[in-house]
Asks: 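Structure provided below as structure tokens; questions to follow.
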Amino acid sequence: MPERVFALIDVNSCYVSCERVFDPSLDNIPVVVLSNNDGCVVARSSEAKLIGIKMGVPYFQIKHFEKTHGLKALSSNYGLYSEMSNRFMAIIAYFFCLAEQEIYSIDECFVLLTQYLENYNLTDLAFALKDRILKWVGLPVCVGIGSTKTISKLANNWAKKEPKFNGVCNWLAIDTLERDAWLSRTPVSEVWGVGRQHTKALAKMGIHTVADLAATDPMQMKKLFSIVMARTVMELQGISCLDIDKVPSAKQQIISSRTFGKRINELQLLQEVITVYTTRAHRKLRADGSVCGIITVFIHTNRFREQDPQYYKSHSISIANATDDVFILAQAARTAITHIYRKGFDFQKAGVILSSLSPKGAKTQSLFDADPIDDSKKQALMSALEDITARFGKESLGLGTSALSGQKWEMLRGNCSPDYFSGLEGFPPVY
DNA sequence: TCTGGGGTCCTAGGACCC
DNA sequence: TCTGGGGTCCTAGGACCC
């Protein structure tokens, strides 16, 4: 029996399915939903996929399908999609009330089903959930079940492609031979975390299928790629490296950017635009109840117009006291854009990034009240640190204990069980 | 005066995801 | 003519500091 079981549940052609709930005339015909400015395709119905419309293609390249194939192209309505998403997520949370749920994106979530393994047939449960979601919000979904997140993603993928699964693929319940056969004919690019560039690099090494990748040595792959790839390989081998992220961690940055309808070359216009973007980003900042310590502004020429001179530049400004004051932020944004503006270029895109975010009203964190550690652990850590400094001097930690920061602190805190420091002979064991 | 190592921050870029 | 937006993580070099 596997140590953990994950399910990945996602909405098929999410935005198109949301639109279809309210407009049945869209059923059974090719439908796409377009990005802002009706620029690119961001969602496709299965019929649209069948006539060869690829994800992300510009609208003007597929417009002709409207006449030849009865294609319907819709502008996006994110308010609607996020409302539908909330209901979809709520049904799952209620259905699997013993499980931890991670909302991964607007249309998919992971659920940790380990607790259900013993007393339930997971395949039956998944079908029941699928039916309920269709009945209650009208959205068609697929479910993939596996012993790691990466495998549950793969299973979900398989469920979509193989009609006999009828939308639910429980990896654990499938015969090993059948699984292996499928792995050996599935391209490695289908794996979560393997994109275009990695696919190319892997092909050069003779790794073409998921089975090929699963057979590699994670440590070797870490050397050749990165720790991320090593984790992917291990996950394919059934070793769960990625946890469920129950509470979404606080955002690290807030972006507001747009491509302009028309190219802009005047500084004053750019300043006005950037002020609008700053207020938009600021609204999200307030909604999160955060303050911002750094604001970055960037401008772009049109990268598709190769005949034009290209220019990209960004500039960051630190806010002396992290703030959520829109006036201060807007002022800084104007300063920043004045910095990077150059005459003689036609700009097509600009944006604002708020970063160095922290919760509003939070006190500056001292070492030991940073995070909930219980008193006994705190005590153990304190005495261990005292012991270390007494025996080896402050220098042994590289820094005074009050100056422990960043990674060092994380590592200490993550390991502050009493026995961790018991073998001080081997000091420093921290690294 | 000699010198090293280890931090952080910034900038930039690359890769991935939905 | 028309080509999205919002995120994450990792790497690497240079400046600067202790």
Asks: Check this for me: does any side-chain nitrogen of one of A/R334 and A/E272 sit under 4.0 Å from a carboxylate oxygen of the other?
Replies: no

Asks: Heavy atoms under 4.0 Å, any strand shown: does A/S318 hit a base, just sugar-phosphate, or nothing?
Replies: sugar-phosphate

Asks: Looking for any heavy atom pair under 4.0 Å, which part of the strands does A/V191 touch: base, sugar-phosphate only, or nothing?
Replies: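 Counting heavy atoms under 4.0 Å across all strands, the contact made by A/V191 is with sugar-phosphate only.
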
Asks: Using a strict 4.0 Å threshold on nitrogen-to-oxygen distance, state whether A/E235 and A/R231 make a salt bridge.
Replies: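 Result for this pair is no, no salt bridge flagged.
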
Asks: Between A/W192 and A/F6, is the gap from one ring center to the other below 6.0 Å?
Replies: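 So the answer is no for these two rings.
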
Asks: Measuring centre to centre across the rings, with the benzene-like ring taken for any Trp, is A/H198 within less than 6.0 Å of A/F225?
Replies: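 Between A/H198 and A/F225, the centre distance is under 6.0 Å.
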
Asks: Stem list for DNA chain C, please, built from Watson-Crick and G-U wobble pairs under 3.5 Å and keeping only runs of at least 3.
Replies: B:5-18 with C:5-18

Asks: With the threshold set at 4.0 Å, does a side-chain nitrogen-carboxylate oxygen contact exist between A/D346 and A/K262?
Replies: no

Asks: Select base, sugar-phosphate, or nothing to describe what A/V194 touches, counting heavy atoms under 4.0 Å on all strands.
Replies: sugar-phosphate

Asks: Identify whether NZ of Lys or CZ of Arg in A/R132 sits under 6.0 Å from the centre of the six-membered ring of A/W136 and within 45° of that ring's axis.
Replies: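 Pair A/R132/A/W136 counts as cation-pi.
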
Asks: Round to a whole Å and report the spacing from CD of A/Q61 to C1' of C/dG4.
Replies: 14 Å

Asks: Does A/K349 make a cation-pi contact with A/F260 (under 6.0 Å, within 45 degrees of the axis)?
Replies: no

Asks: What contact category does A/K200 fall into here, base, sugar-phosphate, or nothing, at under 4.0 angstrom with non-hydrogen atoms?
Replies: nothing

Asks: So, A/E66 and A/K72, do they make that salt bridge, N to O below 4.0 Å?
Replies: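 The answer is no: the pair does not qualify as a salt bridge.
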
Asks: Over all strands shown, is A/K222 touching base, sugar-phosphate only, or nothing at heavy-atom distances under 4.0 angstrom?
Replies: nothing

Asks: Quick one, give me the B/S/- string for nucleotides 5-18 of chain C, reading 5' to 3', where B means a protein heavy atom under 4.0 Å from the base and S means that only happens at the primed atoms, P, OP1 or OP2.
Replies: SSSBSS--------

